[in-house]
Every structure is written in structure tokens, then in C-alpha cells.
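To start, the structure under review is shown below, and the notes come after it.
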Number of protein chains: 2
Amino acid sequence: MNVPLFQDYSGRLSRLAMEECVARELRADARRNRARVLAVAAEVFAAEGLGVPIHEIARRAGVGTGTVSRHFPTKEALYEAILLERMERLTAEADAMAASEEPGEAFFRFFATLVHEGATNRGLAEALAGAGYDLDTAGVEAGHDISGRLRTLLAMAQQAGSVRSDVEYADVKALMVGCQAHPGGGTDKAALDRIISIVCSGLRTP
Amino acid sequence: MNVPLFQDYSGRLSRLAMEECVARELRADARRNRARVLAVAAEVFAAEGLGVPIHEIARRAGVGTGTVSRHFPTKEALYEAILLERMERLTAEADAMAASEEPGEAFFRFFATLVHEGATNRGLAEALAGAGYDLDTAGVEAGHDISGRLRTLLAMAQQAGSVRSDVEYADVKALMVGCQAHPGGGTDKAALDRIISIVCSGLRTP
DNA sequence: TAAAATCCGGGATGAACGTCCCGCTTTTCC
DNA sequence: GGAAAAGCGGGACGTTCATCCCGGATTTTA
């Protein structure tokens, strides 16, 4: 699993969901360790990207590498477990926006939310940008379909005439990655908002 | 590291330039091999990205790995040698555009050129995306300062009122990376042009 | 053409990681 | 309280690479 990080995603998340159910029956110390690993990994991946070795995560969590790989048989599985929680929150936000706002506004706001999310989370940005991980399939099985929400919001915004009708989902995704690639994205909020405004104004119907 | 030949550490590309000068005095077979490696590497990196192992490049070039690492002591050095040629061409194009077109048009055209370049060259796109290589410092010593040309064109376009005055160079670079990240960038030219038009319209003064 | 300079091939080396395994410890359950 | 079950630590192993090295081949030189 060295070079092609997160390449094959078919059916992975459903397995994860299964693992989540079984987690209830873990021994007390195991449950504690699992939670600690998850927390540390989320923090480390967000701050330093997916390149951080498992050994390092284990070290910072104060456990052995075996403990990590027992709970998460693969580095990929570990990151999926982290993403799952995050995606759940984001899809919920998308649904709230879709229900309560004008379609165009909902789309632009969700877009901005996703950009901010990735800009302050290096691991997520890498996952989204990476030639491996695919937002489009991840989380679908678990019911947290960010890609689907974004597609829906885009279609609604186009229907309402707020977004250029020739824009496609892939365009939006690429632009999202670009915004997240902004240097100092996590620290320079003004720059991030500026680039978002540039892109959104480009997406708007003239 | 091959110490005796590449001792000048004043800058990566000046070291390269030195190597280029010395290349004239190489033995005939060495010169031939060097050229073949360079050509194969350019092709392979463009098609498959920078992740391709040196061994693989040596194999496809029909030489041993030692031959590659003797001519290019580092993988980075190899890719710099490739970039150098490409950057030379791009800066020339930039200068031509700057001289013959209206500032706004020159900027947008050069931007589009860079995006197309990266979209059809996976290695270049990866390099630009910041996976270990920095457009902003690369080539400056050798006189092929793409970053500088882009900055200049941006400033001129803003001066002429064609581009939003609050846009910064970093924004442009990030947007460029995003456009290049478009799936099927190399194959779907229509999609590429569409995303470029979106971004450019966002950059334009309202 | 033969010695000398130069270069070649590709195996050796070493570092970085992900994953697996097993002897020992902690928890659980009766 | 004690035995069985579950989990732990961290070293071992297998891979993947970039880079180095050296015996031998090739080119240059005189």
C-alpha cells in the first residue's frame, strides 16, 4: 500500500461500518485505546497530512503499532474511520442548507464550507486532491454522500439560474481542490475567502 | 552523492547549469545515454507522474540505474533538467504575449497556457501542486522565471483594469493547480477550456 | 594499437513504512 | 480468586526506492 495511497475503495466503508458495530463489545481498555488512536490520528493527519507513518501515530497515542493495526487493519481503514465522522457532519450541513436557503446561496455556502474544511485539514485536502481517494464513492455506502449533496445543490442552483448551466460537477470538484491548495489556507482566512469569492463569481450566471 | 562533479551548492539550478556546460566534454556514449535518459524521463514523467521509480526510467531507456544517477545525481536533478527546457519555452511565450497583446488578454492567455501545460503533463502538475517542487524558486537562477512572468502579467493586467485588483499571485497559482487537477484534463479539452473560462471570468473585474 | 581515461551495468546498501506475529499483561467472567 | 479470553507492545518481515559502488567494457589519446 505504499505508493498508491487509497486507491481501491469499492466496498471499504461498508466493512468499516460493520467494524463500528462490533466496537461495542470491545474490552474496556481496547475501547479506550481505539478512541485515543482515532483522536490522535485525526489531529495528526489534519495537521501534517496523510504521510505521517503509523508508527508515529502509535507513538503519539502512547500505544504500540500492533494496537493500531489491530483496530484498523490498514492505514486506509484508519483514515476512513476518521472521514466517516466528518462526512456525517458535512452531509447534515448540506441538507440543512438545501432546506433553508435559496438554491444558489445554498450551493455557494456548501462549496465554501467544503473548501474551508479542506484548507484547515491537510489530510482531507490530500485525500480529496490525491489521485487515489475518491470523494465520489467514499461514504456512499455509509449514507454520507458528500458528492451526492454537492451534485444535488449544483443542479438546484443551476435550475434556479444562479450557476452557469454549462458547469459540471467535475469542474466544481477541481475548483474546490484548487481553492484548498491555496498556500497558508489554514492560516490566512482572508486569502481563502478571496479565492472562494473569485471562483464563485466565475461560477455565477453572468 | 557524486561529490567531485557537483560541488557548487550555491543553488540547485545553477548547479544544473554548470552540469550542462560540462556536458560538452562528455564521452560520446555518455552524451548519447544522457540524452536518451532525459528524453525517456520527460515522456514517462509526463505520462505517469513523478512517482515512477528511477529504476523504471533506466529500464525503459535501456541503461543501468548507475548511468542515470551518474548523470543526474538525484531524482530531483533529473526532473529539474527536464523542467529547464520546458520553462525556457514558457517564459519565451510569456514574453511574446506581454509584448504583443493587451495586458489582460496576455495574462489570461498565459494562464490558459500554463493550465494546458500542466493538464497534459502529469509530472509538471504534480510539481506545481507543491509535492516537493516549487515553481517560485525553480528556474530563477537559470533565467527562466515563470513565476516572475506570471506575476508581471498579473500586475499589468490589474494595472489595465482587466483583473480584480484584490487578486494576489498566490490566488492565481492555486487556481492554476485546481484547473490542472480537473479529471481527464489531458483528454477532455472542452472541459479544460470550460474550467479555465470559469476561473478567468471570476478573475475579471466585474 | 595499447595504455589511460571515462563510463557502464546492475547488484549492494540503507532507509522508510505498512503489516503481521507472538510472548506477556490486563480484563472479564464464573 | 483464578482461569480463560482478549488485548498489548514492539520487534520482525517484506516491499519499495533512491543512491552508491566497483569490476569490467568502451572510448579516447598518444
Side-chain angles (χ1 to χ4, degrees), chain A residues 1-8 12 15 19 22-38 40-41 44-45 48-81 123 126 132-133, chain B residues 1-7 12 15 19 22-38 40-41 44-45 48-81 123 126 131-133:
Chain A
M1 215 273 311
N2 219 347
V3 171
L5 198 58
F6 306 152
Q7 198 98 32
D8 178 13
R12 290 282 168 78
R15 239 190 302 144
E19 180 198 343
V22 177
R24 303 283 165 196
E25 307 169 13
L26 286 176
R27 226 170 66 176
D29 54 346
R31 207 157 45 232
R32 199 166 45 238
N33 279 329
R34 188 181 188 282
R36 169 176 283 139
V37 167
L38 214 40
V40 168
V44 172
F45 282 150
E48 305 176 32
L50 302 178
V52 179
I54 293 287
H55 288 84
E56 179 62 17
I57 289 172
R59 198 185 60 77
R60 296 202 205 179
V63 302
T65 63
T67 301
V68 175
S69 51
R70 199 172 327 103
H71 286 301
F72 309 97
T74 280
K75 191 178 188 178
E76 205 179 335
L78 171 57
Y79 195 58
E80 278 177 357
E126 282 171 21
Y133 186 85
Chain B
M1 176 82 84
N2 197 336
V3 176
L5 193 51
F6 307 105
Q7 195 86 44
R12 297 188 314 196
R15 217 161 70 226
E19 181 201 341
V22 176
R24 304 280 166 195
E25 307 169 13
L26 286 175
R27 226 171 67 176
D29 55 345
R31 206 158 45 230
R32 199 166 45 238
N33 279 329
R34 188 182 188 281
R36 170 176 283 138
V37 167
L38 215 39
V40 168
V44 172
F45 282 151
E48 305 177 30
L50 302 178
V52 178
I54 293 286
H55 287 84
E56 178 63 16
I57 287 172
R59 198 185 61 77
R60 296 201 204 180
V63 302
T65 64
T67 301
V68 175
S69 51
R70 198 172 325 103
H71 286 301
F72 309 98
T74 281
K75 192 176 189 180
E76 198 181 347
L78 171 58
Y79 195 59
E80 278 177 357
E126 283 171 20
Y133 195 82

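Below, read A as the first sequence line, B as the second, and so on, with proteins coming before strands; counting in each chain starts at 1.
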With sequence neighbours excluded, residues passing salt bridge (Lys or Arg N to Asp or Glu O under 4.0 Å) with A/Glu56 = A/Arg59, A/Arg60
Between protein and nucleotides 2-6 of chain D, what N or O pairs are separated by less than 3.5 Å?
from: D/dA6; atom 1: N3; to: A/Arg27; atom 2: NH1; distance (Å): 2.3

Please determine which of B/Arg32, B/Arg27, B/Arg31 meets the side chain to side chain donor-acceptor pair (under 3.5 Å) test together with B/Asp29.
-> B/Arg27
Roughly how many Å is it from CG in A/Asp29 to P in D/dC8, rounded to a whole number?
-> 5 Å
Between B/Arg32 and B/Lys75, whichever has its closest DNA chain D nucleotide further toward 5' is B/Lys75
How close or far is atom C1' of D/dT27 from atom CG of B/Asn33, stated in whole angstroms?
-> 13 Å
Side chain proximity check, B/Tyr79 to B/Glu126, heavy atoms < 4.5 angstrom | no
Between A/Ser69 and C/dT19, is there a side-chain N or O to OP1/OP2 distance below 4.0 Å?
-> no
The side-chain contact (heavy atoms from CB on, under 4.5 Å) partners of A/Thr67 (sequence neighbours excluded) come to A/Asn33, A/Val63, A/Arg70, A/His71
Are B/His71 and C/dC7 close enough that a side-chain N or O sits under 4.0 Å from OP1 or OP2?
-> no
Please check if the side chain of B/Lys75 supplies one atom and the backbone of B/Leu50 the other of a donor-acceptor pair under 3.5 Å.
-> yes
Can you pull out how bent the helix from C/dT1-D/dA30 to C/dC30-D/dG1 is, comparing the axes over its first five and last five pairs, to 10°?
-> 0°
From the candidates C/dT27, D/dA18, D/dG7, the one with an atom nearest any side-chain atom of A/Ala28 is C/dT27
The correct set of residues in residues 55-66 of chain B placing a heavy atom under 4.0 Å from DNA chain D is B/His55, B/Thr65, B/Gly66
Closest heavy-atom pair, B/Ala30 versus B/Leu26, reported as atoms and distance to 0.1 Å, is CB-CB, 4.2 Å
B/Leu78 CG to D/dT19 C1', straight-line distance once rounded to whole Å | 13 Å
Starting at atom CZ of B/Arg34, determine the distance to atom P of D/dT26, rounded to an integer number of angstrom.
-> 23 Å
Checking side-chain contact (heavy atoms from CB on, under 4.5 Å) for the pair A/Phe72/A/Arg34: CA distance, chi angles, key distance, verdict?
-> CA-CA 9 Å; A/Phe72 309 97; A/Arg34 188 181 188 282; 3.6 Å; yes
Do B/Glu80 and B/Glu76 have side-chain heavy atoms sitting under 4.5 Å apart?
-> yes
Can you check whether B/Thr74 has a side-chain N or O nearer than 4.0 Å to OP1 or OP2 of D/dT19?
-> yes
Go through A/Thr65 and A/Ile57 one step at a time and tell me if the side-chain contact (heavy atoms from CB on, under 4.5 Å) criterion holds.
-> CA-CA 8 Å; A/Thr65 63; A/Ile57 289 172; over 6 Å; no
Protein-nucleotide distance (B/Leu50, atom CG; D/dC17, atom P), rounded to Å | 14 Å
Closest to the B/Arg70 side chain, choosing from C/dC8, C/dT19, D/dA18 | C/dC8
